[in-house]
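Residue numbers start from 1 in every chain, and the chains themselves are labelled A, B, ... in the order their sequence lines are given, proteins ahead of strands.
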Amino acid sequence: MKRVGVFVCHCGSNIAGTVDCAAVVAAARRIPAVAYAEDNKYTCSEVGQEQIRKAVQTHNLDRVVVAACSPRMHEATFRKTIASVGLNPYMLEIANLREQCSWVHSDRQAATAKAIDLVRLAVAKVLYNKPLFTSTLPVKKRAVVIGGGIAGIQAALDIAEAGHPVTLIERSQSIGGRMAQLDKTFPTLDCSSCILMPRMVDVGAHPMIDLMTYSEVEEVDGFIGNFRVKVRQRAKSVDHSKCTGCGECTEKCPTQVPAEFEAGLGERKAIYTDFPQAVPNKPVIDRDHCRYFLDGKCGICRKVCQADAIDYTQTDRQVEIEAGAIVVATGFDLFDPAKYGEYGGGRYPDVITGLQFERLISASGPTNGEIRRPSDGRVPETIAFIKCVGSRDEAHGVPYCSRVCCMYTAKQAMLVKEHAKDSKVYIFYIDVRAAGKGYEEFYQRAQTDAGATYVRGRVAKIFPRGEKLVLWAEDTLIGKQLELEVDLVVLATGIVAREGAVEFAQKMGISYDGHRFYSEAHPKLRPVDTNVDGIFLAGACQGPKDIPDTVAQASAAAVKVCSIFSKEELETNAMVATVDENICAGCFHCRAVCPSGAIDSKILHAWVAGQDVTRRVATVNSGVCQGCGSCAAACPSGAMNVGGFSNEQILGEVEAL
Amino acid sequence: MTTIQDELRETARTLLAEGQVDCVLGWAWEEELQRAVPCFVRAAEDAKRLIWDERCVVSLAPFLLHMKRQLSSVRTEPSRTAIVVKGCDARGVVRILRDQQLERDEVLIIGVVCQGVGDPDNRPAKCRECQYHVPPVYDLLLGEEPKETQTPSSPLLERVREIEGWDVADRASYWREHFSRCLRCYACRQVCPACNCVECIFDSERTRWTYKRTTAEENMIFHAIRAFHVAGRCVECGECERACPMGIPLMEINKKVASDIKELFSVPDAGVDLREEPPLVRYETGDLDHFV
Amino acid sequence: MNKSKRDWEPRLVGFLCNWCSYAGADLAGTSRMQYPPNMRVIRVPCSSRVRPEFILRALQKGADGVLVAGCHPGDCHYTTGNYYTRRRFQVIKRLLTFLGVDPRRVMASWISAAEGGKYQQVVTEFVETIRELGPCDFRPTNGQIFVPAADERTDLGVVS
């Protein structure tokens with residue numbers, strides 16, 4: 001016979017003021033399974049808890065109902081209380097007599113009747129409670145950071161500085177990412193390279209950071225504390241252990257290829273580093289363009305290499321990394337303005353993107369920092385900047401604001417003054433958004449110091465006239481149509497999710513939003529967590545972000561990783577799904593609805609009539625399961641169940657209605 | 001002129017003789033019962049027992065499940081079964097495959113073009129509104145594809161709409177009457193290709209989902225839950241209603257749910273695509289929300 | 001009937017998700033918002049935990065109305081649970097309506113942890129609605145089996 005103890009709390013007068021606690025106790029005693037019931041002034045006090053402990057021992061109780069405040073308040077407290085006298089902590093139910101009864105009703109009789117009902121429900125439920133147990137999982141204390149932009153760099157450095165090994169995986173030849181392509185940064189006009197390069201060098205030199213460039217993540221499985229990340233290291237065709245990074249090979253390579261880093265404005269060689277300060281500063285061979293790989297001739301790089309580092313025979317390597325946590329910092333793409341036919345759709349060479357402009361004004365860029373038109377190399381006298389290209393435009397692009405364009409356009413206008421001080425700048429905008437520390441002041445300076453003319457209105461059309469470009473627009477503040485001849489147009493293209501973002505999210509099992517940005521676990525309270533425990537987000541892969549926000553989020557992700565690594569073992573949630581393998585039909589509706597990828601299939605062997613019969617059934621990884629119970633509702637046969645909220649417990653409550 | 005039946009016998013014979021399949025599941029005529037019954041042909045020479053004509057009413061799809069569950073004990077090698085299906089039955093096979101009860105390569109689907117079964121003057125309701133004279137999924141197809149197909153009207157759907165138009169109280173008493181006759185013999189469940197649980201919740205000894213007594217209310221719980229468990233997965237083969245000894249119009253319920261799901265979630269018919277995802281285990285963030 | 005209806009008090013059951021709606025109901029309490037005492041709450045981890053079986057059983061075991069409440073779409077603690085709830089609930093509600101249960105007896109609502117006021121309003125209105133509807137008759141009547149008159153049976157063409 002199950003022996004339930006019921007403890008009714010007065011909570012001073014909070015409950016007792018409206019509910020007749022003695023009547024509740026009396027009613028509880030009439031329930032057959034209740035072996036003991038009493039009321040206390042404050043059940044959560046040390047005296048009250050001692051009463052429970054004493055009663056459990058004296059009356060040999062095997063489960064307990066506390067009728068008090070919300071379980072969200074003291075469930076954990078009372079679990080510890082009963083655990084201290086040898087009961088399983090999950091043999092407890094709480095009847096919420098305060099928040100959901102005494103505080104919301106004033107009629108004493110009705111409130112007492114309801115309180116009695118709530119106790120009956122809790123008793124009915126606790127009769128079906130079963131002992132639950134947590135288990136522990138060892139933690140692999142290595143982090144994998146995916147993406148070597150400023151977000152990945154910051155996260156990797158912070159984790160490494162805390163003393164944990166990190167593998168930083170970057171797809172291109174060098175780390176640095178988008179920030180390396182920028183000339184200066186708002187709102188301080190710091191040189192982007194000057195603040196980024198030292199960090200890149202730190203990553204390259206850090207004893208705790210294992211840098212894997214020219215590599216891509218192919219597969220991720222496992223769960224918090226125990227991920228397995230499969231990485232494909234593309235063949236670099238250069239033995240980096242021998243290479244001294246002297247650059248002779250790049251110098252002599254006869255093949256010119258459009259440089260990704262220069263956003264289409266410059267060229268690189270087939271054996272190359274992304275940019276002069278690349279980390280690692282040792283080249284790779286682009287096999288799609290290298291003459292040796294295309295037709296077997298050339299081989300100049302091998303001839304000139306004094307270190308004998310060129311190795312055409314290298315192959316791609318698959319590496320598996322075991323890691324306890326993952327930071328996803330895969331960055332963003334820029335909106336492709338080709339979708340704007342009215343802006344030339346990419347046909348006019350002097351209509352460029354903001355990123356191309358960054359390269360034009362960069363001292364290490366294709367024009368050595370002089371603003372010259374891509375078409376004829378002339379210094380433009382008039383430059384028009386058009387904001388919200390792709391952003392806030394559902395017709396062509398995306399509905400959201402890309403957050404950085406207002407500020408980078410203001411910055412670029414200021415830099416025009418530095419690089420071509422006689423050029424006239426027009427900026428077309430819908431709204432100016434300058435929310436951020438020092439941002440509004442910076443925007444004001446763009447108008448006063450740099451003399452940029454802000455015109456409120458969308459540009460309707462751009463077309464060439466002679467050597468000039470003509471803009472048609474409306475100045476909506478004065479309600480007049482404008483026609484403007486300019487030499488160069490810079491489109492402030494918005495931030496969009498990376499190409500392949502969805503496929504990558506599916507590899508990781510993390511969720512993404514309607515714009516393919518990765519979703520945080522909670523928009524306010526868990527902004528760097530994903531729905532998968534142990535996988536965190538940093539930077540613009542989660543949504544448009546500027547550098548300070550990206551760095552802040554990266555450090556936040558690093559702290560989350562370190563807090564996992566601060567434990568030797570992780571305790572799993574005890575209230576998780578379980579499978580009755582005898583009943584499971586293996587339809588895997590449970591797996592389809594599981595938000596955390598906790599359900600797997602396994603082969604079940606059974607002896608039937610002397611034969612080994614196999615059947616596929618579901619199995620739950622209790623380390624990953626969060627106990628939501630979606631699976632238990634999707635399972636037609638009830639083979640899937642959830643500890644703490646089992647079918648039997650809930651039906652027990654329903655039965656007691 | 002060769003008939004589909006001749007083709008079927010020849011196909012079955014070849015498949016068995018060449019060892020492509022271990023068994024052909026088709027229909028045979030049972031003289032004593034005066035009924036077409038399921039026939040498991042395992043030897044090439046028995047292929048001549050197979051029939052195909054209007055008498056082949058029963059869907060064979062659920063027998064795949066029974067074979068897998070009961071006969072698997074005498075199997076040592078993975079086997080392959082050929083099953084003869086009409087359009088409606090093919091959807092049942094898709095159901096079983098999609099619910100991962102069998103591997104795709106364990107089944108060879110022989111589709112037959114069907115113009116309706118049963119008494120030609122009094123076809124079953126499902127035949128009168130059949131949209132799948134050609135099985136939507138098959139490996140081999142016997143018979144000519146009809147040149148033009150027109151989507152017939154659905155008297156069943158009209159009946160559902162009619163019931164929807166009644167007062168709540170009228171609907172309640174209508175179903176109360178029907179459910180009060182239910183014997184809970186579970187024939188509807190046994191013939192259902194979507195009811196592929198190893199243990200039905202209504203048979204559970206462990207969990208008291210409902211009581212066993214056959215009052216109208218308990219029976220309603222059974223029928224409502226059964227309809228919900230097959231919601232979005234019901235292939236509308238009508239076998240449950242055919243099997244019901246008490247003549248309860250179960251397809252009115254199933255049609256109601258199926259048409260609701262089509263309307264709410266813009267999904268195709270269940271069981272016509274092997275890649276289908278059951279609509280209740282997936283979602284769109286933009287699903288209707290106004291009911292809340 | 002009229003007399004018993006006057007004495008009768010609606011009995012409601014609410015399946016509230018732990019993270020949003022149950023917390024919202026708690027907030028109504030800490031804010032001392034008053035609402036009728038007819039609601040009995042069953043806490044569930046997520047609204048997607050609620051099997052239709054629970055709703056049906058509740059109606060059968062004495063509930064005159066059932067509320068399923070969860071986080072607003074997009075805010076689910078488990079990210080996606082309420083999206084499944086939304087699909088399942090629409091289907092089960094329409095099915096029950098078809099089978100003769102008044103649609104006003106089963107309702108769903110999205111109540112966030114901050115919406116104590118919404119919880120108060122939902123419960124208050126729900127109690128009023130059910131009070132007007134009267135007791136749910138979806139219950140065994142003394143274990144009696146409903147047997148239609150013989151002529152009704154013939155009308156339905158039932159072979160028995």
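- With a 4.5 angstrom heavy-atom cutoff, Ser48(C) does not touch chain B via any of its atoms.
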Going through the checks in order, is the side chain to side chain contact (heavy atoms under 4.5 Å, CB included) test met by Val91(C) and Phe265(B)? CA-CA 10 Å; Val91(C) 171; Phe265(B) 312 128; 3.9 Å; yes
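- The choice from Asp102(C), Val122(C), Leu96(C), Leu95(C) that makes the most heavy-atom pairs within less than 4.5 Å of chain B is Leu95(C).
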Full working for side chain to side chain contact (heavy atoms under 4.5 Å, CB included) between Arg51(C) and Ile201(B): CA-CA 12 Å; Arg51(C) 291 178 68 110; Ile201(B) 63 163; 4.1 Å; yes
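- Both the backbone and the side chain of Ala224(B) come within contact range of chain C, with heavy atoms under 4.5 Å apart.
- Under the 3.5 Å distance criterion, the side-chain polar atoms of Arg94(C) are left unmatched by any main-chain donor or acceptor of Asp260(B).
- With Arg171(B) contributing its side chain and Thr97(C) its backbone, the two residues share a donor-acceptor pair below 3.5 Å.
- Contact of Val101(C) with chain B is made through backbone and side chain together, with heavy-atom distances under 4.5 Å.
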Take Met220(B) and Gln60(C) through the test side chain to side chain contact (heavy atoms under 4.5 Å, CB included) and record every step on the way to the result. CA-CA 10 Å; Met220(B) 169 173 165; Gln60(C) 189 201 29; over 6 Å; no
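- Using a 4.0 Å cut-off between charged nitrogen and carboxylate oxygen, Glu284(B) and Arg86(C) do not count as a salt-bridge pair.
- Taken from CD in Gln90(C) to CG in Asp289(B), the straight-line distance is 8.0 Å, to the nearest 0.5 Å.
- With a threshold of 4.5 angstrom between heavy atoms, Leu264(B) approaches chain C through side-chain atoms but not through N, CA, C or O.
- Heavy atoms of Pro52(C) lying under 4.5 Å from chain B belong to its backbone as well as its side chain.
- A cation-pi arrangement is not found for Arg88(C) relative to Phe228(B), the charged atom failing to lie both closer than 6.0 Å to the ring centre and inside a 45° cone about the ring normal.
- Within the 4.5 angstrom heavy-atom criterion, no atom of Ile248(B) approaches chain C.
- Judged by distance alone, with hydrogens and angles left aside, the side-chain atoms of Arg57(C) form a donor-acceptor pair with the main-chain N or O of Trp209(B) at under 3.5 Å.
- Residue Ile92(C) holds its CD1 atom at 5.5 Å from CD1 of Ile225(B), rounded to the nearest 0.5 Å.
- The CG atom of Leu56(C) sits 13.0 Å away from atom CZ of Phe222(B), with the distance rounded to the nearest 0.5 Å.
- Side-chain contact between Thr80(C) and Tyr283(B): present, with at least one pair of heavy atoms (C-beta onward) separated by less than 4.5 Å.
- The CG atom of Asp287(B) sits 11.5 Å away from atom OG1 of Thr85(C), with the distance rounded to the nearest 0.5 Å.
- Residue-environment remark: CZ (Arg206(B)) exceeds the threshold of 12 foreign heavy atoms within 6.0 Å.
- Aromatic ring pairs are classed by plane angle as parallel below 30°, tilted from 30° to 60° and perpendicular above 60°; the pair Trp175(B) and Phe98(C) is tilted.
- Of the atoms belonging to His223(B), not a single heavy atom falls under 4.5 Å from chain C.
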